[in-house]
Structure formats: structure tokens, C-alpha cells
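Each residue takes its place number in the sequence, starting with 1. Just so you know, these numbers come straight off a predicted model, no measurement behind them. Worth knowing before you read on, the calculation uses all heavy atoms, side chains too, and leaves out hydrogens, waters and symmetry mates.
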Amino acid sequence: MKLKTILTVLLFAISFIGFSQSNCTTLKGCERKLCELNTKLVAAKKAGNQNQIKGVEEAIAQTKKNCTTKTVNKDLDKKVKEKQQKVNERTADLNEAIKDKESKEKIDKKRKKLNEAKADLNKALAEQKTK
């Protein structure tokens, strides 16, 4: 009987993990933020990482206490601004490397970093659109 209860709880937990991960994208605002934090909490518990568990639990408490649509929008806007700044820096680095006729390897490395920064910016912009 005890084994049956444990298996039932385990199956419920597994289904909840899959449910929470797949449905966070359909949520918006504070609900989405809490869903994503809960997903991180489940992963931290699964990994047994006590420091991460404590940090995520604190983030959940702060989110429940302070989260508003305005704060979510402000956070997303700040994230986009930071990512745009990084793209600008990487673009300037690449242009300077080209101007200074640096080695092909250095230019390729800087181009790769720029592309990564652009991908991060696009991801942040997509998050911002789904506020």
C-alpha cells in the first residue's frame, strides 16, 4: 500500500513538472513569473541544491509580495534595454576590429559574440511582446 501511495505521488509530481513547464508560456505578467519560478524550484529540489532552493523560495515570496503588471513590464523593458546595450557594444567591438584589420579569428570571434547578443535581444523582445 505504501509503495502505491509513493508511486501515485511520484506520478503526480512528474505530471505537474511537465504541466508547469509547458504552460508558463501561456501565462502573462506575475502569473507567468511565478510559474517560471515554481519550475525552477522543482528543478532545484530535484537536483537537491539547497542554496538554489532557498534563493528561489525567496524570489517566489518577493514576487508574491511585490509583483504587479507595472513591475513586470518595467523588468522586461530594463532587460531589453540591457540587451540592446550589449548589441551596441558588440557591434562597436566588431567594427573596431575590422577597422584595425585584426586577425580573421578575432573578427570571427567578435562576430559570433555579436550574433549571440542579437539572439539574446530577440529573445528579450519576444518576452516583452508577450507581457
Side-chain angles (χ1 to χ4, degrees):
M1 181 69 180
K2 191 174 185 181
L3 180 61
K4 186 177 180 182
T5 304
I6 292 171
L7 288 174
T8 303
V9 170
L10 184 61
L11 286 172
F12 175 76
I14 291 169
S15 65
F16 175 75
I17 291 169
F19 176 78
S20 66
Q21 289 176 341
S22 65
N23 287 322
C24 289
T25 57
T26 62
L27 300 173
K28 293 186 179 207
C30 297
E31 293 83 14
R32 182 175 184 163
K33 193 171 189 176
L34 283 170
C35 180
E36 291 169 349
L37 287 170
N38 281 317
T39 301
K40 287 182 183 179
L41 180 61
V42 169
K45 285 182 177 179
K46 183 178 176 184
N49 186 335
Q50 294 302 316
N51 289 331
Q52 190 176 18
I53 291 169
K54 185 177 178 182
V56 174
E57 285 175 341
E58 176 64 26
I60 289 171
Q62 289 298 317
T63 300
K64 286 179 179 178
K65 181 179 175 185
N66 300 322
C67 189
T68 64
T69 302
K70 186 176 180 179
T71 60
V72 170
N73 292 344
K74 184 177 177 183
D75 289 346
L76 290 171
D77 292 345
K78 180 180 176 187
K79 186 175 180 179
V80 167
K81 187 175 181 179
E82 289 170 354
K83 301 296 181 184
Q84 182 62 57
Q85 177 76 24
K86 184 59 83 176
V87 168
N88 293 344
E89 290 171 10
R90 300 286 188 209
T91 301
D93 288 346
L94 176 60
N95 289 338
E96 187 173 330
I98 292 169
K99 179 183 167 203
D100 293 345
K101 298 182 182 177
E102 291 184 13
S103 70
K104 182 182 181 327
E105 292 81 22
K106 285 187 178 183
I107 291 172
D108 288 345
K109 185 177 180 181
K110 290 177 189 279
R111 186 172 281 122
K112 181 180 177 188
K113 286 186 175 189
L114 173 59
N115 289 335
E116 290 170 357
K118 285 180 179 180
D120 289 345
L121 174 60
N122 288 334
K123 184 177 176 185
L125 287 168
E127 286 179 40
Q128 188 181 43
K129 287 181 183 177
T130 61
K131 302 184 209 190

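- Under the 4.5 Å side-chain criterion, counting only non-hydrogen atoms from C-beta, Ile60 is in contact with Leu41.
- Hydrophobic clustering (ILVMFWY, side-chain heavy atoms < 4.5 Å, transitive): Leu34 and Leu76 are in distinct clusters.
- Rounded to the nearest 0.5 angstrom, Leu121 CG and Gln128 CD are separated by 9.5 Å.
- In this structure, Lys45 NZ and Glu57 CD are separated by 5.5 Å, a value rounded to the nearest 0.5 Å.
- With a 4.5 Å cut-off on side-chain heavy atoms, Gln50 and Lys54 do not count as touching.
- Using a 4.0 Å cut-off between charged nitrogen and carboxylate oxygen, Arg111 and Asp108 count as a salt-bridge pair.
- Nearest heavy atom pair, residue Leu94 against residue Ile107, reads CD1-O, 3.7 Å.
- Cluster annotation: Leu37 is not connected to Val42 through the hydrophobic network of ILVMFWY side chains, with a link wherever side-chain heavy atoms come within less than 4.5 Å.
- Distance CD/Glu31 to OG1/Thr69: 7.5 Å, rounded to 0.5 Å.
- Contact of the Lys40 side chain with the Glu36 side chain is not registered, since no non-hydrogen atoms from C-beta on lie closer than 4.5 Å.
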Margin query: Evaluate Val72 against Arg32 for side-chain contact (heavy atoms from CB on, under 4.5 Å), listing each step before the verdict.
Written below: CA-CA 10 Å; Val72 170; Arg32 182 175 184 163; over 6 Å; no

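- Contact annotation: the side chain of Lys78 approaches that of Glu82 to within less than 4.5 Å [non-hydrogen atoms, C-beta and beyond].
- Atoms CG and CD, from Asp75 and Glu127 in turn, are 11.0 Å apart once rounded to the nearest 0.5 Å.
- Leu114 and Leu125 fall within the same hydrophobic cluster, defined by Ile, Leu, Val, Met, Phe, Trp and Tyr side-chain heavy atoms under 4.5 Å apart, directly or through other members.
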Margin query: Show, in sequence, the C-alpha distance, side-chain angles and deciding distance for Lys81 and Gln85, and conclude whether the side-chain contact (heavy atoms from CB on, under 4.5 Å) test is met.
Written below: CA-CA 6 Å; Lys81 187 175 181 179; Gln85 177 76 24; 5.9 Å; no

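- Taking the side chain as every heavy atom from C-beta outward, Glu116 and Lys86 never approach each other to under 4.5 Å.
- Taking a 6.0 Å sphere around CD of Glu102, one finds it holds more than 12 heavy atoms contributed by other residues, nucleotides or ligands.
- Cys24 places a side-chain heavy atom less than 4.5 Å from the side chain of Thr39.
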